[in-house]
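Encoded as structure tokens, the structure appears first; notes follow it.
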Number of protein chains: 2
Amino acid sequence: MTEHFDGQEAWAAALRAHGRRVTKQRLAVLAAVERHPHSPAESILAAARAELPELTAQSVYVVLGDLTDLHMLRRFEPPHSPALYETRVGDNHHHAICISCGRVEDVDCAVGHAPCLTPHWDEQAKPMTIQIADVMYQGICQDCQQSQQLPSNRPSEEIEK
Amino acid sequence: MTEHFDGQEAWAAALRAHGRRVTKQRLAVLAAVERHPHSPAESILAAARAELPELTAQSVYVVLGDLTDLHMLRRFEPPHSPALYETRVGDNHHHAICISCGRVEDVDCAVGHAPCLTPHWDEQAKPMTIQIADVMYQGICQDCQQSQQLPSNRPSEEIEK
DNA sequence: GCCTTATTGTGAGAAAGTCAAAATAAGTGT
DNA sequence: ACACTTATTTTGACTTTCTCACAATAAGGC
């Protein structure tokens with residue numbers, strides 16, 4: 001429970017640094033996101049309610065949105081998934097999503113420090129000032145690859161017609 | 001109107017090649033996506049109804065989903081936006097989205113032919129078999145940059161508090 | 001032309017998130 | 001410690017985007 005305090009204080013300091021009040025709702029959301037990276041709002045609500053049962057869904061949406069704007073959290077939206085949140089910000093890491101089971105893994109960028117941040121514009125295109133480059137790898141994780149090669153092992157959860 | 005026929009026949013052939021029946025709904029959707037790249041389902045419905053007024057929204061969703069699975073269309077989901085569709089498939093181009101006005105532009109990949117397709121895995125991570133790498137650049141387009149520097153020029157549509 | 005079955009239409013409904021306004025509580029000053 | 005100001009949270013209704021099940025229709029092979 002003492003390591004908890006460290007985290008609490010660190011988050012509290014960050015909140016104050018951004019001119020935000022330190023509320024138990026924000027602390028609960030931050031702790032929940034930290035403990036469950038790559039989670040949607042609903043899961044964060046459930047996790048945060050473990051320590052703050054009266055927390056409401058709206059508060060989670062508001063807090064997540066605000067903290068994302070402050071860059072204390074990072075949001076990304078994989079295809080066919082609600083938005084996911086994580087506390088790992090500031091680096092420009094990317095994400096790999098298994099299109100079969102939905103598992104998400106962090107991927108450090110291969111290309112130096114600011115990867116893919118310099119798109120190659122057409123002649124006629126008016127270049128934008130790029131701020132971030134979200135790279136979303138989609139593939140099949142090892143577990144799903146195996147269970148697809150052994151179709152006998154597969155329950156009836158997702159069979160193609 | 002003759003160029004229309006060429007497109008119709010090309011799409012019809014592609015549909016047959018994928019074992020799909022050639023329906024006026026599918027042709028209308030394909031033509032609409034081709035004429036309005038980076039459009040959401042609702043806009044595609046509106047555009048397609050210009051030539052097929054009795055088309056329904058459900059059909060558009062079904063057709064878009066199916067043709068996307070066949071890789072005749074490509075879908076991508078920018079943050080805070082419904083899914084967008086385009087007919088440009090097969091190449092691995094990416095997209096730049098203006099976070100201010102939402103405009104989308106195609107971006108050819110800077111890094112050779114199969115860009116960013118080789119993520120750099122952690123030691124402990126179990127690598128996935130990557131199939132596609134969707135790169136989503138987010139920035140501010142030239143128009144929005146200018147209108148933000150001349151705040152007097154900005155109507156009341158989106159003012160920060 | 002007819003028949004089979006893929007495709008489309010109909011209507012209900014879920015999921016994820018948003019908005020406005022009232023209730024609460026953090027931080028400030030006393 | 002107490003009160004006050006206003007940020008924050010809650011409440012509850014609502015929107016948007018998309019999905020599902022099943023009935024109606026029509027494309028393509030015979």
Side-chain angles (χ1 to χ4, degrees), chain A residues 8-9 11-30 32 39-46 48-49 51-70 72-73 75-85 102 158 160-161, chain B residues 8-9 11-30 32 39-46 48-49 51-70 72-73 75-85 102 158 160-161:
Chain A
Q8 295 247 127
E9 254 322 309
W11 288 128
L15 286 170
R16 278 187 277 263
H18 285 286
R20 292 296 186 274
R21 294 186 180 170
V22 178
T23 65
K24 44 190 194 288
Q25 289 87 343
R26 286 205 248 249
L27 291 175
V29 166
L30 282 164
S39 295
E42 195 184 347
S43 306
I44 293 164
L45 171 64
R49 276 186 167 160
E51 60 179 78
L52 187 65
E54 66 272 29
L55 181 66
T56 64
Q58 309 321 6
S59 299
V60 172
Y61 280 113
V62 170
V63 168
L64 288 174
D66 183 48
L67 297 185
T68 301
D69 289 346
L70 296 179
M72 286 182 61
L73 294 178
R75 161 172 38 212
F76 62 103
E77 301 180 21
H80 305 114
S81 160
L84 307 183
Y85 296 85
E158 201 193 64
E160 36 277 284
K161 49 179 171 187
Chain B
Q8 295 247 128
E9 254 323 309
W11 288 128
L15 286 170
R16 278 187 277 263
H18 284 286
R20 291 298 185 276
R21 293 185 180 170
V22 179
T23 66
K24 43 190 194 289
Q25 289 88 342
R26 285 205 250 248
L27 291 174
V29 166
L30 283 164
S39 296
E42 194 183 349
S43 305
I44 293 164
L45 171 64
R49 275 185 167 159
E51 61 180 75
L52 186 65
E54 66 271 29
L55 182 66
T56 65
Q58 309 323 5
S59 300
V60 172
Y61 280 111
V62 170
V63 168
L64 288 174
D66 183 48
L67 297 184
T68 301
D69 289 345
L70 297 179
M72 286 182 62
L73 294 178
R75 162 174 35 212
F76 61 104
E77 301 180 22
H80 306 114
S81 159
L84 307 183
Y85 296 85
E158 200 193 64
E160 37 276 284
K161 50 178 170 186

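Quick caveat: nothing in here was measured; it's all calculated off a predicted structure. Here is the naming used below: chain letters follow the sequence lines, and residue numbers restart at 1 for every chain.
- Rounded to a whole Å, the CG atom of B/Leu45 is 13 Å from the C1' atom of D/dT17.
- Overall bending of the helix from C/dG1-D/dC30 to C/dT30-D/dA1, expressed as the angle between end axes built from five pairs apiece, is 40° (10° steps).
- Scanning for ring pair (Phe, Tyr, Trp, His ring centres under 6.0 Å) contacts around A/Tyr61 gives an empty result, with sequence neighbours left out.
- Taking atom CG of A/Leu70 as the reference point, atom C1' of D/dT8 lies 14 Å away to the nearest angstrom.
- Comparing A/Arg16 and A/Ser81, the nucleotide of DNA chain C nearest to each residue sits closer to the 5' end for A/Ser81.
- Under the rule for a side chain to side chain donor-acceptor pair (under 3.5 Å), A/Ser81 has no partner lying at least two apart in sequence or in another chain.
- Put simply, CG on A/Leu27 is 10 Å from P on C/dA26, counting in whole angstrom units.
- Residues forming a side chain to side chain contact (heavy atoms under 4.5 Å, CB included) with B/Val60 (at least two apart in sequence, or on another chain): B/Val29, B/Ala41, B/Ile44, B/Leu45, B/Leu55, B/Leu64.
- Remark: A/Val22 engages A/Ala12, A/Leu15, A/Arg16, A/Leu27 in a side chain to side chain contact (heavy atoms under 4.5 Å, CB included) (not counting sequence neighbours).
- Side-chain contact between B/Val63 and B/Leu30 is absent, with no heavy-atom pair separated by less than 4.5 Å.
- Computed from coordinates, the A/Asp69 CG to C/dT18 C1' distance equals 14 Å when rounded to whole Å.
- Distance, B/Glu77 CD to D/dC18 C1': 11 Å, rounded to whole Å.
- Going from atom CG of A/Leu64 over to atom P of C/dT18 covers 10 Å, rounded to whole Å.
- Taking the side chain to side chain contact (heavy atoms under 4.5 Å, CB included) definition, one finds that B/Pro82 meets it with B/Pro40, sequence neighbours left out.
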Under 4.0 Å protein heavy-atom contact, by nucleotide of nucleotides 3-13 of chain C - B base, S sugar-phosphate only: --BBSSSBBB-
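- Remark: B/Asp66 pairs with B/Arg20, B/Arg26 by the salt bridge (charged side-chain N to carboxylate O under 4.0 Å, His left out) rule, at least two apart or across chains.
- One distance of note links CZ of A/Arg49 with OG1 of A/Thr56; it measures 7.0 Å at 0.5 Å rounding.
- Counting to the nearest Å, the C1' atom of D/dA27 and the CG atom of B/Leu15 are 12 Å from each other.
- Residues meeting the side chain to side chain donor-acceptor pair (under 3.5 Å) test with B/Arg75, sequence neighbours left out: A/His80, B/Tyr85.
- Residue A/Ile44 contributes atom CD1, which lies 10 Å from atom P of C/dG17 at whole-angstrom precision.
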